[in-house]
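Below, read A as the first sequence line, B as the second, and so on, with proteins coming before strands; counting in each chain starts at 1.
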Amino acid sequence: MEKKIIKIIAAIGLIIIALGTLVSYSVSLDKNYTQIGTDMLIEDGEPLTQGMKFEFTIDSENDYIGHIKWRSKSGRAPEFLTGAVMTDADGNFIMACTGDEVAIDTEELHLKKGTYEVALYTLTSEEAANEFRTNYKTGITLGKEFENYSDNTECQMEYFFKISPAVNVVGLIKIILSMIMSIAGGLLLSASFTSGKSSSQVYDERQVANRGIAYKYSFYTLLVYCICAATVDLLGVKLPISIGLIMFFGVMVALGVFVTVALWKDCYFALNDKRRNVVIFLSISLVIFIASLINNLKYGFVEFAAVNVSFIVLFIFTLAVIGIKSVIDSKEAE
Amino acid sequence: MKNLKLKAARAAMDMSQDDLAKLCGVSRQTINAIEKGDYNPTINLCKAICKTLGKTLDELFWDEE
């Protein structure tokens, strides 16, 4: 009873961790970078704050949409445009956009983590707007009447410069699917714990003992592999694959040892497993991985292809061991 | 050491290894391993086999000198 409660708490904990991760991920996607100021002054037709600059820091690389708009503080809406020019820390041009009190144009951009600078321009005439458009190739919608500011004394505006993450439909679907899967997985886990049947019960006592032996061989294989990998690294031998892949292959080798020992000691298939179904599943997975490998090779993603190759090798190896064991079993006379 | 008593008792009841395994809740390979002497079952499994075959522990698992 006590064990059941602990397992239920563990299952709930897993769900909370999964949901927490997803929520934090989705919150980070929603993060906006907004700059609000009140320094856009025009006096006697001349913008006083031309080229005013501010900095902001992007926390995570993502696709974003940038735009600027302004609002008159005096209640009166004079006709002009604002322009914003964004550059990175090295002064490289990133994007430019314009906006007025009603219409804004948005610019899609991909930003890396880092500090960026934005310069603001007040475009009080068609000439100034045209010059800005020519310089920065923005989609300014002209044709509106610019006021003659020579008669104005002063007007003050608030401006809003905003960088918001681009709406990523695929990413959104992935988040929703991940949430559904994590909730369903957690519920299934809880259901399996509360049903009174643990996973070890689907293997008989000899199989459980032999699986322990298989895990032991697998563990020692991984240990030896890690020692060999570390030795190679210490000797300064440069291998043409990344350290991540080296460790991944180690896991695959250990998994291969576990599968082989488990198959040989007849503890790979649980009592309620149908051998044919497992073989069909492995075969279908094999076809998918081969298809994926061909596709990856076509687009040159060698690293993912290498991962697929290891899966293909493992599955072919597993199927071969199953085949050999089946032949041996069939020859066993009762 | 092969457990011929178990094999004989099973054959006497016209049961296959698979039939006995299903009735005892273990795999066929486990019954095969017990008969071949490759695996020493726990007392719980011994009792389950004895009950299924209508024999006592002595009759199936006791080695006479």
Side-chain angles (χ1 to χ4, degrees), chain A residues 3 192-193 195-218 257-282 318-334, chain B:
Chain A
K3 278 185 180 175
S192 69
F193 288 153
S195 68
K197 287 181 181 175
S198 67
S199 59
S200 63
Q201 280 178 309
V202 297
Y203 293 96
D204 68 32
E205 55 180 46
R206 182 193 60 83
Q207 288 180 314
V208 170
N210 285 333
R211 280 168 72 82
I213 294 168
Y215 280 127
K216 186 178 76 176
Y217 283 127
S218 177
V257 169
F258 168 76
V259 168
T260 308
V261 175
L263 275 168
W264 218 252
K265 289 183 176 290
D266 293 309
C267 56
Y268 185 71
F269 300 102
L271 294 178
N272 52 1
D273 267 353
K274 288 196 167 51
R275 181 178 290 219
R276 196 178 62 178
N277 292 353
V278 176
V279 172
I280 289 169
F281 169 75
L282 287 177
T318 305
L319 289 171
V321 176
I322 290 173
I324 294 165
K325 192 71 175 68
S326 298
V327 171
I328 292 169
D329 282 350
S330 65
K331 282 182 180 175
E332 258 184 13
E334 263 196 37
Chain B
M1 181 191 260
K2 284 188 179 180
N3 191 334
L4 296 174
K5 290 177 190 173
L6 173 59
K7 193 170 184 176
R10 178 175 61 77
M13 290 188 72
D14 199 24
M15 289 170 80
S16 66
Q17 285 182 344
D18 201 36
D19 296 334
L20 180 60
K22 278 176 184 162
L23 288 169
C24 295
V26 294
S27 64
R28 182 194 62 77
Q29 288 87 353
T30 298
I31 298 296
N32 185 47
I34 295 168
E35 288 184 359
K36 283 166 64 181
D38 291 341
Y39 173 65
N40 290 322
T42 61
I43 193 70
N44 284 335
L45 180 53
C46 290
K47 278 159 63 182
I49 292 169
C50 288
K51 280 179 186 171
T52 307
L53 296 175
K55 301 282 184 184
T56 63
L57 283 168
D58 279 1
E59 286 172 324
L60 291 183
F61 294 103
W62 189 256
D63 285 332
E64 289 171 10
E65 298 294 330

Flag yes if more than 12 heavy atoms outside [X] fall under 6.0 Å of its [atom1] atom; otherwise flag no.
X	atom1	value
B/Asp38	CG	yes
B/Phe61	CZ	yes
B/Asp14	CG	no
B/Lys5	NZ	yes

Euclidean distance, [Y] [atom2] relative to [X] [atom1], rounded to 0.5 Å:
X	Y	atom1	atom2	answer
B/Thr30	A/Glu205	OG1	CD	7.5 Å
A/Asp266	B/Asn32	CG	CG	8.0 Å
A/Tyr268	B/Gln29	OH	CD	14.5 Å

Given that the side chain runs from C-beta out, which part of B/Ala21 has a heavy atom under 4.5 Å from chain A: side chain, backbone, both or neither?
-> neither
Who are the side-chain contact (heavy atoms from CB on, under 4.5 Å) partners of A/Ala270, not counting sequence neighbours?
-> A/Val202, A/Tyr203, A/Asn272, A/Asp273
Kindly give the heavy-atom pair with the smallest separation between B/Val26 and A/Asp204, and that separation in Å.
-> CB-OD2, 3.4 Å
